[in-house]
> 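Have a look at this one.
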There are 2 protein chains.
Amino acid sequence: MKEGPDIAQIGALIGDPARANMLTALMGGKALTATELAAAGGITVQTASSHLAKLEAGQLLAQRKQGRHRYFTLADDGVGKLLESIMGFAAGRGHLRHRPGPKEPALRKARICYDHLAGDYGVRMLDSLVAKGAIDVIGDGLALTDKGESELKCIGIDIGDLKSSRRPLCRSCLDWSERRAHLAGSLGKALLSNFFDKGWARRTAESRSVIFSPEAERQFLMLFPVEFAGGLTPREGQPAQL
Amino acid sequence: MKEGPDIAQIGALIGDPARANMLTALMGGKALTATELAAAGGITVQTASSHLAKLEAGQLLAQRKQGRHRYFTLADDGVGKLLESIMGFAAGRGHLRHRPGPKEPALRKARICYDHLAGDYGVRMLDSLVAKGAIDVIGDGLALTDKGESELKCIGIDIGDLKSSRRPLCRSCLDWSERRAHLAGSLGKALLSNFFDKGWARRTAESRSVIFSPEAERQFLMLFPVEFAGGLTPREGQPAQL
DNA sequence: ACAATGCTTCGGTTACCATCGAAGTATGAA
DNA sequence: TTCATACTTCGATGGTAACCGAAGCATTGT
């Protein structure tokens, strides 16, 4: 009975609400201090410190000392990937902590999923890239086409750099709010950075939501049109499902 | 702070050792009774009953009454997929419950991963299919080629039936013992059933390991050769990594 | 009708762990 | 040096949940 990986250990690490909240906060991609994470978890710093030590021992978190601050991040993108998949799973069966809240619409519209764009905008972007033949959907995987590569170069993204990395270029990631796939992988990361660099969007202070400026929003929607146009939100036809 | 899916809930469900053991046992693909699961979890039936109720409420398990037995299975292959990914993650950071045990070699050699073949043989099969051009690796996805489709027809697997399903044909699944990918998805399932149907292999009573008969083993190794031959276990070159 | 099997419910016990106050360490600022 | 900030460690507390014995249903067999 004692064969195989110890899923209970990491399940237990994620299973505590305070720890789960802290991990979720770190899905924003930013490094956060222990004090900030305590606030995110709704607990005191002492308790947070204990939790953080456990998460670090379990190799879910990495820390970096800087002066008298201690910055925590997810240990690597394997952790982000794991949390993504659990979120997708949980959302798929309605395990939502539905405290609707005022910030939620913004979060559903566009948010950071560890290092790439998620939410309605994230899903729309992938749908559009697939529709215009920049990305092929193969099984459950995604592949950048030659056409896509040249198009992205126009936007200012050089694929060459990314290709050399060991990390996959395109990955599909199940979006918990839209229940459809959006684009992850190093390309997903590059696109989001590109939006930040161009000043199209900014991350908010303590939330994972991404705010587009009104003009940038127009440009985004033009750059990533959807075929059965007419508004953004409800779309029929399911490219790149699950 | 209260936005998004409740990952803590499902983390907590998986986080209990007894529950984790029961879920792992169900990764064997067979439906098991409450009594069998109690044994798998190392607890009494009363306790198991309580755990099973929780897992069912959390939609991780489904049950089917049959006479005075109650058969439990994973609720759907989303659950299997989730457990797979957690296992892969846990194994990747050495979170093993290393009680080596006598059955472990068999488990590492060939075992059931929910509904498809895993372990050394599973990895070898995928490697071989990729090497002979039956399956293409695209990003992190897998795609069956035309050549692969016709080859599989010779073995006795009709892809037509599988294609109509909504479930992806090929999926790559990270193998926790080999730390490499093996073939999942409906094709992975079909191949394993095929081995069972042909009498090449059988599942063991209470373990997830798969036993090949000596002659079948020879045929399997011939059917799925590896390029840098010379034995089965240590292979160089990394087709289909991660 | 009666016994046997499979499972659930109830009640009480136990053990663990999340939590916080208070005190201790480290870094930086005045 | 002294104070302030950021964080950790220690110790005590409390609540929760895992656990099992015993009893209660349900189904099957004789």
Side-chain angles (χ1 to χ4, degrees), chain A residues 1-2 6-26 30-58 60-73 95 97 205-206, chain B residues 1-2 6-26 30-58 60-73 95 97 205-206:
Chain A
M1 301 306 147
K2 291 282 163 294
D6 193 357
I7 60 172
Q9 190 184 343
I10 77 136
L13 283 174
I14 300 177
D16 179 81
R19 284 195 289 261
N21 285 332
M22 294 195 282
L23 289 169
T24 306
L26 288 171
K30 263 190 299 193
L32 298 176
T33 65
T35 311
E36 290 170 323
L37 286 169
I43 47 179
T44 61
V45 274
Q46 309 96 292
T47 309
S49 178
S50 145
H51 284 310
L52 291 169
K54 284 172 191 172
L55 288 171
E56 202 187 353
L60 294 183
L61 256 47
Q63 67 164 295
R64 169 168 49 94
K65 283 187 74 166
Q66 204 167 91
R68 53 182 159 184
H69 292 281
R70 225 159 250 238
Y71 286 97
F72 290 87
T73 52
H95 289 314
R97 309 173 290 181
E206 279 303 316
Chain B
M1 299 306 147
K2 292 282 164 294
D6 192 359
I7 60 172
Q9 190 186 342
I10 77 137
L13 282 175
I14 300 176
D16 179 81
R19 283 195 291 260
N21 285 333
M22 294 194 283
L23 289 169
T24 307
L26 288 171
K30 263 189 300 193
L32 298 175
T33 65
T35 310
E36 290 169 325
L37 286 168
I43 48 178
T44 61
V45 273
Q46 310 94 294
T47 310
S49 178
S50 144
H51 283 310
L52 291 170
K54 282 172 192 172
L55 288 170
E56 202 187 353
L60 295 183
L61 256 48
Q63 66 165 296
R64 171 167 49 92
K65 283 187 74 168
Q66 205 167 92
R68 52 185 161 184
H69 292 281
R70 225 158 252 239
Y71 285 97
F72 290 87
T73 53
H95 288 313
R97 309 173 290 180
E206 279 304 315

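Each chain gets a letter, A, B and so on, in the order its sequence line appears, and its residues count up from 1. Atom set for the values below is all heavy atoms of this structure, side chains included, hydrogens, waters and symmetry mates excluded.
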> Under the rule for side chain to side chain donor-acceptor pair (under 3.5 Å), what residues qualify as partners of Thr33(A), not counting sequence neighbours?
Glu36(A)

> Could you tell me how far apart Gln63(B) (CD) and dG6(C) (C1') are, to the nearest whole angstrom?
13 Å

> Send over the distance from His69(A) NE2 to dT27(C) P, rounded to a whole Å.
13 Å

> Which pair of non-hydrogen atoms, one from Ala8(A) and one from Pro17(B), has the smallest distance, and what is that distance?
CB-CA, 3.9 Å

> Give the table of side-chain donor-acceptor pairs shorter than 3.5 Å for residues 61-68 of chain A, with sequence neighbours excluded, one pair per line with atom names and distance.
unit_1   : atom_1 : unit_2   : atom_2 : d
Gln63(A) : OE1    : Arg70(A) : NH1    : 3.3
Gln63(A) : NE2    : Glu56(A) : OE1    : 2.8
Gln63(A) : NE2    : Glu56(A) : OE2    : 3.3

> Between His51(B) and Ile43(B), is there a side-chain heavy-atom distance shorter than 4.5 Å?
yes

> For residues Ile14(A) and Leu60(A), report the shortest heavy-atom separation together with the two atoms involved.
CG1-CD1, 4.4 Å

> Which is the 5'-most and which the 3'-most nucleotide of DNA chain D that has an atom under 4.0 Å from a heavy atom of chain B?
dA18(D) to dT28(D)

> Looking at residues at least two apart in the chain, or sitting in another chain, which of them share a side chain to side chain contact (heavy atoms under 4.5 Å, CB included) with Ala12(A)?
none

> Could you list, one pair per line, each protein nitrogen or oxygen that sits under 3.5 Å from a nitrogen or oxygen of nucleotides 15-22 of chain C, together with the distance?
unit_1  : atom_1 : unit_2   : atom_2 : d
dA18(C) : OP1    : Arg19(A) : NH2    : 3.4
dA18(C) : OP2    : Lys54(A) : NZ     : 2.5
dT19(C) : OP2    : His51(A) : NE2    : 2.6
dC20(C) : OP2    : Thr44(A) : N      : 3.1
dC20(C) : OP2    : Thr44(A) : OG1    : 3.0
dC20(C) : OP2    : Thr47(A) : OG1    : 3.1
dG21(C) : N7     : Gln46(A) : NE2    : 2.5

> Could I get the full list of side chain to side chain contact (heavy atoms under 4.5 Å, CB included) partners for Gln46(B), not counting sequence neighbours?
Thr44(B)

> Does the side-chain contact (heavy atoms from CB on, under 4.5 Å) test come out yes or no for Leu13(A) and Leu23(A), once each step is laid out?
CA-CA 10 Å; Leu13(A) 283 174; Leu23(A) 289 169; over 6 Å; no

